[in-house]
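These notes are about the structure you will find just below.
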Number of protein chains: 2
Amino acid sequence: MRSPEELTVAFRAAGLKVTPQRQLLFRLLHNNSTHPTADSLFGVASGLMPGISLRTVYQTLTELAQMGEIQSIEVGTGSQRFDPNVSDHHHAVCDECGAVHDVYVKRTPELAGLHGFAVTDAHIVYRGVCADCAGDAR
Amino acid sequence: MRSPEELTVAFRAAGLKVTPQRQLLFRLLHNNSTHPTADSLFGVASGLMPGISLRTVYQTLTELAQMGEIQSIEVGTGSQRFDPNVSDHHHAVCDECGAVHDVYVKRTPELAGLHGFAVTDAHIVYRGVCADCAGDAR
DNA sequence: ATGCGTCTTCGCAATGATTGAGAACAAATA
DNA sequence: TATTTGTTCTCAATCATTGCGAAGACGCAT
Ligand SMILES: [Mn+2]
Ligand SMILES: [Mn+2]
Ligand SMILES: [Zn+2]
Ligand SMILES: [Zn+2]
């Protein structure tokens, strides 16, 4: 996604208002590679802006997703995750710690056998144990 | 998954009872390639056995999944789907009609770049429009 | 066939994630 | 500063799924 400054301009240009809540979320999402859930973002946001509502977090995330600034992904962990990285990539989920890592694949396998299916998107979810969790014997 | 007859034996062998509800679900799942949700199965089951509860459907599906007879998959349609096909395969979801098709891929792309992540499973979800929906101009 | 112990079913409440609705509020602009 | 219009927040509602416990039924031993 674009920088908070660029988003500020983009929002105004789109007739949307730039509120403190939105600006905070712009900042929390910028360069964020943790693939946060709405609730985890709400947790961090609440610490910095007591009183911000979970509803507002959801709404802002939905808007950003509709504008194409972030993507919403589903990796099987129960709740939606949001990703400011909108480049073409996939994800690896650690079954130990729940971390979601970005994965870049050379060539996504083509669909074979399913004649007539027009693919618009393909998403690979890897599951396993991440380096951090494997490294430590505990 | 195995046939209803085989499952009957397997359940008894595991100390589980073979009830009419379970037998019905065994039959509804056998050779079922629709990737049903618990609720859609419940709908069909209710027609054949009025009074069966959604709770029982969920419970039986969970048991079958734990026994490895079916798998539970998440393709981003909001609810879990159950698949008696436990072979190594992937899925294509039609954004028009919601149908979920099986996809067999020659070689699942290896994880590159994420050093130390031990992959235990990889699942590809393709999205697009299926042949049926594309073919008909309506 | 009957009895009994254990496993199951079912209804209902509870949970967790997300969305809907509307009153109170605040950003943008003149 | 006043006005307009979009935003935030609270609270209720929804959807999928799970927890709980009383009532019921399977299956084995008589
Ligand atoms: Mn990502
Ligand atoms: Mn399948
Ligand atoms: Zn980990
Ligand atoms: Zn279709």
Side-chain angles (χ1 to χ4, degrees), chain A residues 4-5 7-26 28 35-43 45-46 48-67 70-83 98 100, chain B residues 4-5 7-26 28 35-43 45-46 48-67 70-83 98 100:
Chain A
E5 294 70 35
L7 288 179
T8 294
V9 174
F11 266 57
R12 291 225 175 89
L16 299 173
K17 292 173 180 172
V18 177
T19 65
Q21 289 88 340
R22 282 175 176 172
Q23 294 183 81
L24 173 57
L25 290 167
F26 294 170
L28 294 183
H35 303 89
T37 61
D39 198 66
S40 71
L41 265 180
F42 171 65
S46 294
L48 299 167
M49 182 185 283
I52 191 174
S53 80
L54 176 57
R55 192 69 184 84
T56 296
V57 173
Y58 268 109
Q59 264 168 207
T60 301
L61 288 170
T62 301
E63 287 156 3
L64 286 168
Q66 284 171 346
M67 295 172 70
I70 64 176
Q71 63 172 320
S72 161
I73 63 174
E74 176 57 63
V75 292
T77 44
S79 37
Q80 262 182 292
R81 286 170 175 268
F82 298 89
D83 193 348
V100 178
Chain B
E5 295 71 34
L7 288 179
T8 293
V9 174
F11 264 59
R12 291 225 176 88
L16 300 173
K17 292 174 178 173
V18 176
T19 64
Q21 289 88 342
R22 283 176 176 171
Q23 294 182 81
L24 172 57
L25 290 167
F26 294 171
L28 294 183
H35 303 88
T37 61
D39 197 68
S40 73
L41 265 180
F42 172 64
S46 293
L48 299 167
M49 181 185 285
I52 190 174
S53 80
L54 176 57
R55 191 70 185 82
T56 296
V57 173
Y58 268 108
Q59 265 169 205
T60 302
L61 288 170
T62 300
E63 287 157 4
L64 286 168
Q66 284 171 344
M67 296 172 68
I70 64 176
Q71 63 172 321
S72 161
I73 63 174
E74 176 57 63
V75 293
T77 45
S79 38
Q80 261 182 290
R81 287 171 174 268
F82 298 88
D83 193 346
V100 177

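These numbers were taken from a predicted model, which means no experiment stands behind them. Numbered from 1 within each chain, the chains take letters A, B, ... in sequence-line order.
A/Val18 and A/Gln23 get closest at one heavy-atom pair: CG1-CG, 3.4 Å. Shortest non-hydrogen contact noted between B/Leu25 and B/Thr56 is CD1-O, 4.4 Å. Nearest heavy atoms, A/Arg81 versus A/His35: NH1-O, 2.7 Å. Closest of all the heavy-atom pairs between B/Ala38 and B/Phe82 is N-CE1, 3.9 Å.
Both B/Pro20 and A/Gly15 sit near DNA chain D, but only A/Gly15 has its closest nucleotide nearer the 5' end. Take the nearest nucleotide of DNA chain C for A/Gly78 and for A/Lys17: the residue whose nucleotide is more 5' is A/Gly78. Map B/Leu16 and B/Ser79 each onto its nearest nucleotide of DNA chain D; the residue landing nearer the 5' end is B/Ser79.
Minimum atom distance to the side chain of B/Thr60 is reached by C/dT9, of the listed C/dC10, D/dC9, C/dT9. Minimum atom distance to the side chain of A/Gln59 is reached by D/dT8, of the listed C/dT8, D/dT8, D/dA16.
Among the heavy atoms of the strands lying under 4.0 Å from A/Gln80 are primed sugar atoms or P, OP1, OP2 only; no base atom is included.
Atom CD in A/Gln23 sits about 11 Å away from atom C1' in C/dA27, given to the nearest Å. Distance B/Met49 CE to C/dT8 P: 15 Å, rounded to the nearest Å. Rounded to an integer number of Å, the gap from A/Arg22 CZ to D/dC9 C1' is 14 Å. The CD atom of B/Glu63 sits 6 Å away from the P atom of C/dT8 (whole-angstrom rounding). Separating the CZ atom of B/Arg12 from the C1' atom of D/dC28 is a distance of 11 Å, rounded to the nearest angstrom. Rounded to an integer number of Å, the gap from A/Glu74 CD to C/dT18 C1' is 12 Å. Note: CZ (A/Phe26) to P (D/dT7) measures 10 Å, nearest angstrom. The CD1 atom of B/Ile52 sits 10 Å away from the C1' atom of C/dC10 (whole-angstrom rounding).
For A/Thr19 and D/dT8, the shortest distance from a side-chain N or O to OP1 or OP2 is below 4.0 Å. Between A/Thr56 and D/dC9 there is a side-chain N or O to OP1 or OP2 distance below 4.0 Å.
With hydrogens and angles ignored, a donor-acceptor pair closer than 3.5 Å exists between the side chain of B/Arg55 and the base of D/dG19.
A heavy-atom distance below 4.5 Å is not found between the side chains of B/Asp83 and B/Val100.
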